[in-house]
Amino acid sequence: MRRLKYASVFSRDLTPSEINEIAEVSARNNVNVGITGAMLAAGSVFFQILEGPDAAVGELYEKISKDVRHDSVLLLRDDRDVDSRLFPDWGMKLVNFDQKNSLRLETLAGAIEAVQFQMSAISKLASVIERAVWQEYGSAPKDE
């Protein structure tokens, strides 16, 4: 079994009813493929834990990564060969913090945003290094 954790930023403002609908549809769909988990929505950030068969979790994460409601999808952890589920009875449990309660999660949301910024910076640095290597060695013979 696989357990995957990710965070993302809402691509637009979502109403509480839209967030509830996402969780309800997810719960129905997840039952069919053996996935359980929890989704936290706080401010403009999703944090989600998916658990279930390796292939099903991977396919769902790919779908989420392409979902227009998510920006800056960031894989936080991907554990394989997990022995037991954390959420065996939850197709997708929503923990939706309203404005009053989300203040308690300000630190968590700030940490997630900082990690997303860092991942973006690392990605840009990797691109710069790749271009520099290509410029330096791109025209060199392949057998060197």
Side-chain angles (χ1 to χ4, degrees), residues 1-138 140 142:
M1 188 175 60
R2 181 176 182 181
R3 182 175 301 121
L4 186 145
K5 301 170 188 173
Y6 79 89
S8 69
V9 177
F10 300 178
S11 62
R12 61 175 178 80
D13 289 337
L14 296 173
T15 66
S17 63
E18 287 175 306
I19 294 169
N20 286 334
E21 182 180 347
I22 290 168
E24 289 170 8
V25 170
S26 296
R28 283 194 304 269
N29 292 340
N30 290 351
V31 168
N32 296 330
V33 293
I35 292 177
T36 58
M39 176 173 48
L40 172 101
S44 62
V45 175
F46 279 123
F47 171 77
Q48 192 164 10
I49 301 171
L50 306 171
E51 53 188 16
D54 189 344
V57 169
E59 289 172 17
L60 180 54
Y61 180 69
E62 282 296 314
K63 182 178 176 184
I64 289 166
S65 296
K66 296 173 184 171
D67 189 318
V68 297
R69 296 171 292 192
H70 297 271
D71 274 338
S72 304
V73 177
L74 176 64
L75 180 62
L76 300 171
R77 188 165 179 135
D78 190 359
D79 296 315
R80 297 170 193 245
D81 298 323
V82 175
D83 293 330
S84 62
R85 293 176 187 260
L86 296 174
F87 313 105
D89 300 322
W90 294 352
M92 187 51 57
K93 177 69 173 178
L94 173 63
V95 181
N96 189 1
F97 289 86
D98 60 22
Q99 186 64 29
K100 174 178 60 176
N101 291 330
S102 69
L103 294 176
R104 288 186 273 168
L105 292 175
E106 189 174 326
T107 302
L108 174 61
I112 290 170
E113 289 173 7
V115 169
Q116 289 172 326
F117 176 79
Q118 182 180 20
M119 291 301 293
S120 175
I122 289 170
S123 177
K124 289 177 185 175
L125 176 61
S127 294
V128 168
I129 292 170
E130 180 181 330
R131 283 193 308 273
V133 169
W134 177 251
Q135 288 173 352
E136 185 69 27
Y137 298 103
K142 292 185 180 187

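As a basis for the values below, the full set of heavy atoms in this structure was taken, side chains included, without hydrogen atoms, waters or symmetry mates.
Shown here are the side chain to side chain contact (heavy atoms under 4.5 Å, CB included) partners of Glu21, two or more places apart in sequence or in another chain: Val25. For Ser127, the side chain to side chain contact (heavy atoms under 4.5 Å, CB included) partners are Arg131, not counting sequence neighbours. Applying the side chain to side chain donor-acceptor pair (under 3.5 Å) rule to Glu24 yields no partners; only residues at least two apart in sequence or on another chain are considered. Partners of Val33 under the side chain to side chain contact (heavy atoms under 4.5 Å, CB included) rule, at least two apart in sequence or in another chain, are Ile35, Ala56. Residues passing the side chain to side chain contact (heavy atoms under 4.5 Å, CB included) test with Pro16, sequence neighbours excluded: Asn96.
A side chain to side chain donor-acceptor pair (under 3.5 Å) check over residues 48-61, counting only residues at least two apart or in different chains, returns the pairs Arg2-Asp54, Arg3-Glu51, Tyr6-Gln48, Thr36-Glu51, Asp54-Arg80.
Taking CG of Leu74 as the start and OG of Ser65 as the end, the distance is 10.0 Å to the nearest 0.5 Å. Distance CG/Leu94 to CE/Met39: 5.0 Å, rounded to 0.5 Å. For the atom pair CD1 of Ile19 and CG of Leu40, the computed distance is 10.0 Å after rounding to the nearest 0.5 Å. Atom-to-atom distance recorded for Asp67:CG and Phe46:CZ is 8.5 Å, nearest 0.5 angstrom. For the atom pair Leu14 CG and Arg69 CZ, the distance stands at 8.0 Å (nearest 0.5 Å). Taking OG of Ser26 as the reference point, atom CG of Leu50 lies at 8.5 Å (rounded to 0.5 Å).
The two residues His70 and Ser8 come nearest to each other via the heavy atoms ND1-OG, 2.7 Å. Across all non-hydrogen atoms, the minimal contact from Gly34 to Pro53 is O-CD, 3.3 Å.
The shortest side-chain heavy-atom distance between Met1 and Asp79 does not fall under the 4.5 Å cut-off. Residues Phe47 and Leu76 have side chains in contact (heavy-atom distance under 4.5 Å, counting atoms from C-beta outward). Side-chain contact between Lys93 and Phe87 is absent, with no heavy atoms from C-beta onward closer than 4.5 Å. Using a 4.5 Å cut-off on side-chain heavy atoms (C-beta onward), Asn30 and Leu60 make contact.
Around the CG atom of Asp13, the shell of radius 6.0 Å holds no more than 12 heavy atoms that belong to other residues, nucleotides or ligands.
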